[in-house]
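Everything below concerns the one structure shown next.
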Number of protein chains: 2
Amino acid sequence: MSTPASLATTPAPPYYAVIFTSKRTSEDRGYEEMARRMAELGSRCEGFLGLESARGADGLGITVSYWRDEGAIAAWKRDEEHQKAQQAGRSTWYAEYHVRVAKVERAYGKQEK
Amino acid sequence: MSTPASLATTPAPPYYAVIFTSKRTSEDRGYEEMARRMAELGSRCEGFLGLESARGADGLGITVSYWRDEGAIAAWKRDEEHQKAQQAGRSTWYAEYHVRVAKVERAYGKQEK
């Protein structure tokens, strides 16, 4: 979806990740605007923790959003404007996609200095 | 890391996801070759289920690998050649990265026809 220029800063686990992977169709019709809008709306939801997104030159895209709990994920999935975007995604923008809901159990890494 | 042109086909949950998100340095020195090699080696490991990877034009990269269980993840992390790549990643290739280990609890999507 949208592409923030930085990695997400999340609290200590446990929390939830929604891993959305997709291949686009060649159909554009407002895709970028929708993606920006959904990133903006989603990030305002109660329980939203962060978002990371990338789409490679081959058209494969990965967006991972982080959430406090399953309830926060369910509330965002039910959002009316998001529901319309999900419908358009299925019918128009995505040739294929997978949504995987996962509980983050541990995390580590290297922070930029 | 490497960029397969297709989405991963994974079995029914539960299984594990390792979400690796990164920002590259400007240092190239064999990065692409290492990434290809690690994708190849990792995919031969016992318990490997699939890999999805994308890096956007802004340099933010996401690689998600899927595994049968925590034991399979631990064995791949200990692989000697992978250990050297991890060390070079920390010292040279990545300005910043996060590794999140998560248990996939449910999944759904749309398959390409």
Side-chain angles (χ1 to χ4, degrees), chain A residues 1-10 12-25 49-66 70 73 77 86 89-91 93-113, chain B residues 1-10 12-25 49-66 70 73 77 86 89-91 93-113:
Chain A
M1 307 218 223
S2 90
T3 308
S6 62
L7 300 179
T9 304
T10 42
Y15 53 88
Y16 276 80
V18 178
I19 306 164
F20 178 79
T21 58
S22 66
K23 283 171 73 179
R24 287 288 317 280
T25 60
L49 301 177
L51 180 78
E52 292 166 327
S53 191
R55 186 170 300 275
D58 63 358
L60 194 152
I62 306 178
T63 296
V64 190
S65 56
Y66 302 102
E70 279 266 31
I73 295 169
K77 192 168 168 27
Q86 289 172 59
R90 280 190 294 270
S91 64
W93 288 310
Y94 299 118
E96 184 178 355
Y97 68 85
H98 297 284
V99 178
R100 294 178 174 98
V101 179
K103 186 178 190 173
V104 178
E105 298 181 344
R106 55 193 178 84
Y108 57 94
K110 171 188 172 181
Q111 295 290 333
E112 205 157 23
K113 279 163 204 143
Chain B
M1 308 216 222
S2 90
T3 309
S6 61
L7 300 180
T9 304
T10 42
Y15 53 86
Y16 275 81
V18 178
I19 306 163
F20 178 79
T21 58
S22 65
K23 283 171 72 179
R24 287 288 317 281
T25 59
L49 300 177
L51 180 77
E52 292 168 322
S53 191
R55 185 170 301 276
D58 63 357
L60 194 152
I62 306 179
T63 296
V64 189
S65 57
Y66 302 101
E70 278 267 33
I73 295 169
K77 192 167 167 31
Q86 289 171 58
R90 282 190 293 270
S91 64
W93 287 311
Y94 299 119
E96 184 177 355
Y97 69 85
H98 297 283
V99 178
R100 294 177 175 98
V101 179
K103 186 178 191 175
V104 179
E105 298 181 345
R106 54 193 179 86
Y108 58 93
K110 170 187 172 181
Q111 295 290 330
E112 205 156 23
K113 281 166 200 139

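Quick note: numbers below take in every heavy atom, side chains included, and nothing from hydrogens, waters or symmetry partners. All values reported here derive from a predicted model rather than from experimental measurement. The chains referred to below are lettered A, B, ... by the order of the sequence lines, with proteins before strands, and numbering in each begins at 1.
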Closest contact, heavy atoms only, Ile73(A) versus Arg106(B): CG2-NH2, 4.2 Å
From CD (Glu52(A)) to OG1 (Thr21(B)), nearest 0.5 Å: 3.5 Å
Least distance between heavy atoms, Ser6(B) atom then Leu60(A) atom: O-CD1, 3.3 Å
Non-hydrogen atoms of Tyr66(A) and Ile19(B) that approach each other most closely: OH-CG2, 3.8 Å
Heavy-atom contact with chain A under 4.5 Å, split by part of Ser22(B): backbone
Separation between CG of Asp58(A) and CZ of Arg55(B), rounded to the nearest 0.5 Å: 13.0 Å
Heavy-atom closest pair, residues Ala102(A) and Ala102(B): CB-CB, 3.6 Å
Residues which pass side-chain contact (heavy atoms from CB on, under 4.5 Å) with Pro13(B), listed by chain and number, not counting sequence neighbours: Tyr15(B), Val104(B), Ala107(B)
Pairwise side-chain contact, Lys110(B) with Glu96(A), heavy-atom cut-off 4.5 Å (strictly under): no
Steps toward side chain to side chain contact (heavy atoms under 4.5 Å, CB included) verdict (Thr10(B), His98(A)): CA-CA 10 Å; Thr10(B) 42; His98(A) 297 284; 5.9 Å; no
